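Below is one structure; the comments refer to it alone.
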Amino acid sequence: MKKLISAALVLALVLSFAVSCAKKEKTDWEYIKAKKELIIGITYYAPMNYLDDSGKLVGFETEFA
């Protein structure tokens with residue numbers, strides 16, 4: 001029984017390796033470069049993101065992005 005379980009696990013490992021190597025996906029950076037824009041969602045919650053007196057978006061997350 002232990003040999004059967006071991007063989008099944010080895011087979012599952014080999015199959016998962018084969019599937020992961022079969023098709024190469026674009027990286028996130030390649031996707032962003034091709035699209036030529038990066039969309040970032042925000043929430044207005046000081047000090048993370050807020051509008052200053054002149055209406056400019058400022059805050060920690062805004063600067064980090």
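Every value quoted in this text rests on a predicted model; they were computed, and no experiment measured them.
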* **Tyr44 backbone acceptor or donor facing Asn49 side chain under 3.5 Å** => no
* Asked: Is the backbone of Phe60 close enough, under 3.5 Å, to the side chain of Glu63 for a donor and an acceptor to pair up by distance?
  -> no
* To do: Rounded to the nearest 0.5 Å, what's the gap from CD1 on Ile42 to CG on Leu57? Could you check?
  => 4.5 Å
* Say you draw a straight line from NZ of Lys56 to OG1 of Thr62; how long is it, rounded to the nearest 0.5 Å? -> 10.0 Å
* Asked: What distance do Leu38 atom CG and Ile40 atom CD1 have between them, rounded to the nearest 0.5 Å?
  -> 4.5 Å
* Structure fact -> Here the gap from Met48 atom CE to Thr43 atom OG1, rounded to the nearest 0.5 Å, amounts to 8.0 Å
* Asked: Within a reach of under 6.0 Å around CG of Asp28, are more than 12 heavy atoms found that belong to other residues, nucleotides or ligands?
  -> no
